[in-house]
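Below: the structure, in C-alpha cells.
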Amino acid sequence: MSNIKTRFAPSPTGYMHIGNLRTALYSYLIAKSNGGTFMLRIEDTDQNRFVEGAMDVIYRTLELCGLNYDEGPDKDMGNGPYIQSQRRDIYIKYAKKLVELGHAYYCFCSKERLDGLREELEAKGLPYEYDGHCKNLSPEEIQKKLDAGEPYVIRQIMPKEGVSEYDDAVYGKITIENSTLEEQILLKSDGMPTYNFANVVDDHLMGVTHVVRGNEYITSTPKYNLLYDAFGWERPCYIHLPLITKEGGKKLSKREGDASFEDFYNKGYLKDAIINYVALLGWSPGGEREIYSLKELEEIFSIKGINNSPAVFDMAKFRWMNGEYIKMMAPEDFHKAALPYYEKCLTRKLDLKRISELLQSRVEVLCDIPDYVDFFENVCDYDVSMYVHKKMKTTVESSLEALQNVIPVLESIDDWQEEKIHSALMEHIAQKGVKNGIVLWPLRTALSGKMSTPGGAVEIAYIIGKEETLARVNNAVNFIKASL
RNA sequence: GCCUCCAUGGUCAAGCGGUUAAGACAUCGCCCUCUCACGGCGGUAACAAGGGUUCGAUUCCCUUUGGGGGUACCA
C-alpha cells in the first residue's frame with residue numbers, strides 16, 4: 001500500500017466541466033495506479049457563488065463515472081469536514097498563526113480604497129498591485145482596529161527579490177520571479193479563506209501528497225510553496241494539467257453545450273466513451289491501443305504519459321469513439337438505450353428490435369437516432385433526382401418501370417418475412433435479367449425518400465409492413481409520373 | 001504591459017542525438033454490398049522560423065514568431 005493521496009477539489013458550480021472531469025479522472029487514476037487514496041473535497045469558500053444543487057451534480061457525476069472516492073464529505077476518514085465552508089475556524093486559526101510567524105499581516109483597507117488604488121494605477125497604465133498600505137501598522141494600531149471591530153483581511157507577505165522554483169511532474173522545473181508575487185489575501189473579510197490559502201491548509205491537514213489541478217495554477221504555486229515553508233510543512237508533488245480547448249483554441253463553453261459532462265451525457269454520449277476520450281486528451285499510454293475501460297486505465301495510467309501541451313477537444317474523434325462504444329454494447333442494451341429515442345418519432349407499430357439491429361453499427365451518438373429512423377414513420381418530400389444513381393445505373397425512367405413491375409411481386413408475397421421478401425425480389429430480378437440495383441435502389445428510395453438508410457429495401461419493406469410498402473411504392477410511382 | 005508555460009500532419013499523438021518520423025480521428029480512393037454504415041486494403045498530409053552545440057539534430061541551448069495561462073476579498 002503506497003501512501004500516495006490525491007484529491008479532487010471542485011468548487012460547486014452546478015455542472016461538471018469536461019476539463020474538471022479530466023482533472024478528477026487523472027487524480028483518481030494517479031491514486032489508483034499507485035494503490036493510493038483518492039479524496040473528494042468541496043471548495044465552496046466563495047459564498048457569492050452558491051448554486052443550489054451543485055454538490056449533487058458532483059456526487060452524481062463521480063458516481064456515474066465510477067470515480068469512487070475513498071474519502072469525502074459522506075465518507076469521513078478522520079480528516080473532515082471535507083466541505084471548506086465548514087472549516088472556517090481552522091483557516092482563521094492558521095491565518096493568525098501565520099501572522100504570528102511573521103509571514104502575513106492584517107489589512108484593513110476598504111474595498112473602496114482598493115478600487116481607488118486600482119483605478120489610479122490603471123489611469124497611469126500601470127498594473128494593479130496592492131501598495132502595502134497596512135503592512136507597517138504598529139501592533140498597537142492593529143489591536144486598536146481589531147478591538148474596534150474593523151473588518152480586515154489577512155495578506156501573505158512575499159519576498160521581493162530572487163526567484164522561486166519548484167518541480168512539476170509534467171512541466172519540469174518552474175521558475176518564477178518573486179517580484180511578481182502579489183501579497184495575496186489569505187483570509188477574506190467575511191472570515192472565509194481564499195482558494196490560495198484553503199487549498200494549502202487543507203491539502204496539508206488532509207495528507208494530500210499529489211496535487212493534480214489545471215495549469216492556471218502554475219504561476220501561483222510558488223506562493224503556496226511559501227505557505228508550506230512558512231508553516232514548516234512538506235510541499236506536495238505538483239501535477240499541473242494542460243488546458244483543453246476546442247477548435248481554434250477557443251474555450252469549451254457551457255453555453256454552447258460543449259463543455260459539460262451532462263450535456264454530452266444527455267445527448268447520448270456513453271459515460272465510458274467520455275471517460276476514455278477524456279483520458280486520452282493529454283495523456284497517452286504509448287502504444288497503439290485507444291480503447292480502454294476505467295479498470296484498465298487504473299492499471300496502466302502513469303504520470304509520465306501526461307502531455308504538457310494544450311489539447312483540442314476533437315468532436316469528430318469523440319463521436320467516433322462513442323460509436324465504438326455503441327458497437328461494443330450488447331444488442332439488448334443498445335435496444336434499451338435506443339427505445340426512448342424511437343418514442344420521440346415513431347408511433348407506428350414496428351419491429352423496433354430489428355431496427356435496433358440495423359442501427360447499432362451506424363449510430364455514433366444516441367441523439368442522432370431520430371434522424372436515422374424518422375422515415376419509418378413518414379416519407380418526407382424528396383427530389384426525383386434521387387432515383388438517378390450512377391453506380392446503380394438507374395434513371396428516373398428505369399426507376400418508374402422497376403417500381404411498376406415490382407408492385408405485383410410485392411402483392412404476391414403472403415408471408416411478409418424478410419427472407420420471403422428477399423427471395424421474391426431476387427427471383428424477380430433474375431427473371432428480368434437486370435442488376436440488383438436497377439430494382440432495389442428505386443425501391444429503397446421509394447420506401448424511404450432518403451439517400452441512406454439503416455438497412456436496404458428488403459429490411460425496410462419488412463419493417464414498415466406490406467400495406468405501407470405498397471402504399472409507398474404507389475405514391476412513388478405517381479410522384480415520378482407527375483414529374484416527367 | 002509584466003510574469004510564465006507550450007510548439008511533430010486539420011485534430012489527438014508516439015518519439016526522448018543517428019528512424020523509410022509510428023498509430024488513431026478526419027479526408028481521399030478501392031474492395032465488400034440491395035443504399036448508407038460496419039469491416040478490409042491503400043493514398044494525401046507534420047517536426048513553426050533562424051541561429052548555435054555536435055561527426056550528426058524533430059530530439060539539447062538561445063532568439064524570433066505563434067498560441068495558452070496568470071496578474072481579484074474567483075477558484
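First the proteins, then the strands, lettered A, B, ... as listed; each starts at 1. In what follows, every heavy atom counts, from backbone to side chain, and hydrogens, waters and symmetry copies are set aside.
Closest contact between the side chain of A/Lys251 and the listed nucleotides B/G69, B/A14, B/A72 involves B/G69. The side chain of A/Arg118 has B/C73 as its nearest neighbour among B/C73, B/A75, B/C6. Here the side chain of A/Glu216 is nearest to one of B/C25, B/A14, B/G69, namely B/G69. Checking B/G69, B/C73, B/G1 against the side-chain heavy atoms of A/Leu243 singles out B/G69 as nearest. In the set B/A13, B/C3, B/C25, the nucleotide with an atom closest to the side chain of A/Ala311 is B/A13.
Look at CG on A/Asn178: it is 11 Å from P on B/U4, rounded to the nearest Å. For A/Trp283 and B/G23, the CH2 to P distance is 20 Å, given to the nearest whole Å. Across the protein-nucleic acid pair, A/Asp46 atom CG and B/C73 atom C1' stand 9 Å apart, rounded to whole Å. If you measure from atom OH of A/Tyr106 to atom C1' of B/C73, you get 16 Å, rounded to the nearest angstrom. Atom CE in A/Met321 sits roughly 12 Å away from atom C1' in B/A13 (whole-Å rounding). Remark: C1' of B/A13 and CZ of A/Arg289 are 17 Å apart, rounded to the nearest angstrom. A/Ile244 has its CD1 atom 14 Å from the C1' atom of B/U11, to the nearest Å. At whole-Å resolution of the value, CD1 in A/Ile239 and P in B/C5 are 18 Å apart.
Within the nucleic acid shown, A/Tyr277 has no heavy atom closer than 4.0 Å to any nucleic acid atom. Residue-level contact check: A/Asn307 touches the backbone only, with heavy atoms under 4.0 Å from sugar-phosphate atoms and none from bases. Residue A/Lys304 is classed as a base contact, given a heavy-atom separation below 4.0 Å to a base. Nucleic acid contact class of A/Val312 (heavy atoms, under 4.0 Å, all strands): sugar-phosphate only. Among the atoms of the strands shown, none is found under 4.0 Å from any heavy atom of A/Ser220. If you check every strand for non-hydrogen atoms under 4.0 Å, A/Ile185 touches a base. Among the protein residues, A/Pro127 comes within range of the nucleic acid bases, having at least one heavy atom under 4.0 Å from a base atom. At a threshold of 4.0 angstrom between heavy atoms, the contacts of A/Ile174 are confined to the sugar-phosphate backbone, with no base atom among them. Across all strands shown, A/Ser179 has no heavy atoms under 4.0 Å from either base or sugar-phosphate atoms. Note on A/Arg49: a base of the nucleic acid sits closer than 4.0 angstrom, heavy atoms only. Residue contacts for A/Thr175: at a heavy-atom cut-off of 4.0 Å it reaches the sugar-phosphate backbone alone, with no base atom in range.
With a 6.0 Å cutoff to the six-membered ring centre and a 45° limit on the axis angle, A/Lys246 does not count as a cation-pi contact of A/Phe313. In this structure, A/Arg155 is positioned above the aromatic face of A/Tyr130, its NZ or CZ under 6.0 Å from the six-membered ring centre and within 45° of the axis. Under the 6.0 Å distance and 45° angle rule, A/Lys254 counts as a cation-pi partner of A/Tyr15. Relative to the six-membered ring of A/Tyr91, A/Arg88 misses at least one condition, a distance below 6.0 Å or an angle of at most 45° to the axis.
Taking the six-membered ring for Trp and the full ring otherwise, the centers of A/Tyr26 and A/Phe301 sit less than 6.0 Å from each other. Less than 6.0 angstrom separates the ring centroid of A/Phe479 from the ring centroid of A/Tyr382.
The 5' end of RNA chain B is approached more closely, in terms of each residue's nearest nucleotide, by A/Phe313 than by the other of A/Phe313 and A/Gly286. Projected onto RNA chain B by closest heavy-atom contact, A/Glu182 and A/Lys188 fall at different nucleotides, the more 5' of which corresponds to A/Glu182.
A donor N or O paired with an acceptor N or O is not found under 3.5 Å between the base of B/A72 and the side-chain atoms of A/Tyr128. Contact of A/Lys317 with B/A24 (side chain to base): a donor-acceptor pair of N or O atoms is detected under 3.5 Å. Evaluation of atom-type donor-acceptor distances gives a pair under 3.5 Å for the side chain of A/Ser189 against the base of B/C73.
Remark: A/Lys267 NZ is packed, more than 12 non-hydrogen atoms of other residues, nucleotides or ligands lying under 6.0 Å away.
Taking atom C1' on both B/G50 and B/U71, the two are 32 Å apart, rounded to the nearest angstrom. A distance of about 15 Å separates the C1' atoms of B/C30 and B/U44, rounded to the whole Å. For the C1' atoms, the distance linking B/U8 with B/U35 amounts to 40 Å, nearest Å. Remark: the separation of the C1' atoms in B/G18 and B/G1 is 45 Å, to the nearest Å. With both ends at atom C1', the span from B/U27 to B/C12 equals 16 Å, rounded to whole Å. For the C1' atoms, the distance from B/C73 to B/C60 is 45 Å, rounded to whole Å. If you take atom C1' in B/G40 and the same atom in B/U33, they sit 13 Å apart, rounded to whole Å. With C1' as the reference atom, B/A49 and B/A57 are 16 Å apart, rounded to whole Å.
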- [ ] In sequence, state the C-alpha distance, the side-chain angles, and the governing distance for A/Arg289 and A/Glu296, and then conclude on salt bridge (Lys or Arg N to Asp or Glu O under 4.0 Å).
- [x] CA-CA 12 Å; A/Arg289 185 141 83 101; A/Glu296 290 169 320; 3.3 Å; yes
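Using a distance-only test at 3.5 Å, with no hydrogens or angles considered, no donor-acceptor pair links the side chain of A/Asn178 to the main chain of A/Lys160. A donor-acceptor pair under 3.5 Å is formed between the side chain of A/Glu459 and the backbone N or O of A/Gly456.
Here A/Asn308 reaches the OP1 or OP2 of B/A7: one of its side-chain N or O atoms lies under 4.0 Å away. Residue A/Thr219 places none of its side-chain N or O atoms closer than 4.0 Å to OP1 or OP2 of B/U71.
Considering A/Asp168, A/Asn308, A/Asn215 as possible partners of A/His240, the one that fulfils the side-chain hydrogen bond (donor to acceptor under 3.5 Å, both in side chains) test is A/Asp168.
The pairing partner recorded for B/U19 is none, the criterion being a Watson-Crick or G-U wobble arrangement whose two distances lie under 3.5 angstrom.
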TODO: Spell out protein contact along nucleotides 27-42 of chain B as letters: B when the base is contacted, S when just the sugar-phosphate is, - when no protein heavy atom is under 4.0 Å; keep the 5' to 3' order.
DONE: ------BBBBBS----
